[in-house]
Amino acid sequence: MTSEGSEGSLVGTIRQSPPLDLKAPYDPAWVKGKTFVITGGASGFGAAFLKKWAEHGANVVIGDINVKGGDELVRRIRNETGNQNLHFVHCDVTDWQSQVNFFKDAVKLSPHGGIDTVVANAGIAEPDMGFEIPAGLDSTDPPKPNLSTINVNLTGVLYTTHLALFWLARNPNSQPVSLSTSPASTPRDRHLLLVGSVASLGPFPGRALYAASKHGVCGLFRSLRSSTIVHGVRVNMLCPYFVNTPLITAPARLALAGAATGKIEDVVDAGTRFAADTRICGRGLVVGPKVKVEQREDGEWALVSKGGEDVAVWEPYADDYEECEVFTRRMIGLLNAATRARGWIGWFTDLFGVAGYMLKSWLRLQ
Ligand SMILES: NC(=O)c1ccc[n+]([C@@H]2O[C@H](COP(=O)([O-])OP(=O)(O)OC[C@H]3O[C@@H](n4cnc5c(N)ncnc54)[C@H](O)[C@@H]3O)[C@@H](O)[C@H]2O)c1
């Protein structure tokens, strides 16, 4: 295991802040005056983020395909909070041009002309048994699978990410992320919050496409957090367990009957910590049911009925990420060393090899 400052530590290089102390207080008011852009903001987590951040004086622009729901929600939260810097813009995350227009509108609507945090939140969880058990097995032409889950949850997030990296770096008066600057004195931010799922970390039988899309979000997060240094953007990821929002269909609710589920306020709390505390970078949080637990001597957590502490938010694989990144760095270091050892002779040898290969391919075509 590595920690900041230990030999081989990549924490600085990959822009990852130390594991989070979830008992440390943060001030939600640190979001005041900042501009937030949320995809899929008309319902569930997005709507709850909008309400919380609006209460604390943030400017929030939500984008969604649900025009009626989005419009009504923004009007209601404006009335409830008195915050007029809240807006709804139609956005279909699967449509590149729709997202381009959404970001342009958000920048125009932002009082300071920039975007501080983008939340890639829009998602669907449609049943995909048809994918796993294709109909028409007796036919020679299986039907084309419906990949709308991938289109919304992965392609949509990739479009959002691409646009976020473009606009966050252009946020006027923002600085590249600094892990030491006090959030209270950071008026502008550059932050991308990806909404994954526990299905980013493990399998989801019967919802293979959902799990594939959310694993994709996790891969995106783990890769970006070491490269967004170029844009000075901090990247974090939320991985909620089942939480009662309209995303959870009636059959899923039936299947979950009797099981403990997460609470939307815990998701909002974890998301607000990421949004408010500009020192947090490259971290993921799982939000599950609130359980009473105690840490044993071997480091494992055990459920207890008395005493202990109530915990709903966990940091998954915090050290695993560090070790994995160290492994990758060592592999790349070794490959680079091997390349250096081969030197110019190796380069010219390979170049002649490529030329020979191209010549042979060309001769084959004659
Ligand atoms: N609720 C859960 O149990 C749970 C658990 C883990 C992860 N998540 C993730 O959290 C995110 C938010 O989910 P939620 O629970 O708030 O669900 P929700 O259904 O309440 O909200 C999702 C929103 O996304 C919007 N949306 C759907 N397709 C869209 C598109 N093409 N373009 C723009 N907007 C679109 C919907 O209209 C809706 O307003 C999703 O990415 C979901 O996968 C949810």
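In listed order, ligands and their atoms are each counted from 1. For clarity, every value in this text was computed on a predicted model and none was experimentally measured. Heavy-atom basis, side chains included; hydrogens, waters and symmetry copies ignored.
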For ligand 1, is there an N or O atom under 3.5 Å from any N or O atom of Val243? yes
For Cys91, the atoms of ligand 1 under 4.0 Å from one of its heavy atoms are 32 (N), 33 (C)
How far is atom 18 (P) of ligand 1 from its nearest protein heavy atom, and which residue and atom is that? Ser43 OG, 3.6 Å
Judged on heavy-atom distance to atom 37 (O) of ligand 1, which of Ile65, Asp64, Asn66, Thr155 sits nearest? Asp64
Give me the nearest non-hydrogen protein atom to atom 6 (C) of ligand 1 as residue plus atom name, then the distance to 0.1 Å. Pro240 O, 3.1 Å
Could you tell me, atom by atom, which parts of ligand 1 come under 4.0 Å of a heavy atom of Asn121? 11 (C), 12 (C), 40 (C), 41 (O)
Looking only at distances, can you tell me whether any N or O atom of Val93, backbone or side chain, sits closer than 3.5 Å to an N or O atom of ligand 1? yes
Tell me which protein heavy atom sits closest to atom 24 (O) of ligand 1, plus the residue, atom name and distance to 0.1 Å. Gly40 CA, 3.5 Å
Ala122 neighbourhood, listing ligand 1 atoms whose heavy-atom distance to it stays under 4.0 Å: 24 (O), 34 (N), 35 (C), 41 (O)
Given side chains that start at C-beta, do those of Cys91 and Phe103 come closer than 4.5 Å, heavy atoms only? no
From the list Asp189, Asn59, Asn85, side-chain hydrogen bond (donor to acceptor under 3.5 Å, both in side chains) partner of Thr35 resolves to Asn59
Note, Val60 side chain near Phe49 side chain (heavy atom, < 4.5 Å): no
So is Thr39 touching ligand 1 or not, going by heavy atoms under 4.0 Å? no
Taking only heavy atoms of Tyr210 into account, list the atoms of ligand 1 that are under 4.0 Å away from them. 6 (C), 7 (C), 8 (N), 9 (C), 42 (C), 43 (O)
Using the ring centroid of each side chain, check whether Phe274 and Phe221 are separated by less than 6.0 Å. no
Does Ile124 approach ligand 1 within less than 4.0 angstrom via side chain, backbone, both or neither, non-hydrogen atoms only? side chain
Let me know which of Lys32, Arg170, Arg188 forms a salt bridge (Lys or Arg N to Asp or Glu O under 4.0 Å) with Asp116. Arg188
Quick one: does Pro246 get within less than 4.0 Å of ligand 1, heavy atoms only? yes
When distances are taken from atom 5 (C) of ligand 1, the protein heavy atom at minimum range is Tyr241 O, 3.3 Å
Which of the numbered atoms in ligand 1 are under 4.0 angstrom from any heavy atom belonging to Val195? 9 (C), 10 (O), 11 (C)
Presence of salt bridge, Lys23 and Asp21, under 4.0 angstrom: no
Got His112 and Asn171 here, is their nearest side-chain heavy-atom distance under 4.5 Å? yes
Only one of Arg273, Arg225, His191 passes side-chain hydrogen bond (donor to acceptor under 3.5 Å, both in side chains) with Asn236; say which it is. His191
Run the numbers for me: atoms of ligand 1, each under 4.0 Å from some heavy atom of Phe242, listed by number. 3 (O)
Could you give me the CA-CA distance, side-chain angles and deciding distance for Tyr241 and Asp266, then say whether side chain to side chain donor-acceptor pair (under 3.5 Å) is met? CA-CA 11 Å; Tyr241 182 65; Asp266 291 322; over 6 Å; no
I need the nearest protein heavy-atom contact for atom 14 (P) of ligand 1: residue, atom name and distance, please. Thr245 OG1, 3.5 Å
Mind telling me whether Phe242 and Phe204 have parallel, tilted or perpendicular rings, with 30° and 60° as the class edges? perpendicular
Proximal ligand 1 atoms for Gly44, defined as those under 4.0 Å from one of its heavy atoms: 16 (O), 20 (O)
So with a 6.0 Å cut-off around CG of Asn173, is the heavy-atom count from everything else above 12? no
Decide if atom CD of Gln366 counts as having more than 12 heavy atoms of other residues, nucleotides or ligands within a radius under 6.0 Å. yes
Close-contact set for ligand 1 against Asp92 heavy atoms, below 4.0 Å: 30 (C), 31 (N), 32 (N)
Do me a favour and list the nearest non-hydrogen protein atom to atom 17 (O) of ligand 1 with residue, atom name and distance? Leu247 CB, 3.2 Å
Give a yes/no verdict on whether any heavy atom in Gly196 is under 4.0 Å from an atom of ligand 1. yes
Considering only non-hydrogen protein atoms, determine which one is nearest to atom 16 (O) of ligand 1 and report residue, atom name and distance to 0.1 Å. Phe45 N, 2.8 Å
Among side-chain atoms of Gln99 and Asp95, is any donor-acceptor pair under 3.5 angstrom? no
Quick one: does Leu20's side chain get under 4.5 Å of Leu285's, heavy atoms only? yes
Polar proximity ligand 1 side, Val198 side, N/O cut 3.5 Å exclusive: no
Among all the protein's non-hydrogen atoms, which is closest to atom 22 (C) of ligand 1, and how far away is it? Gly123 O, 3.7 Å
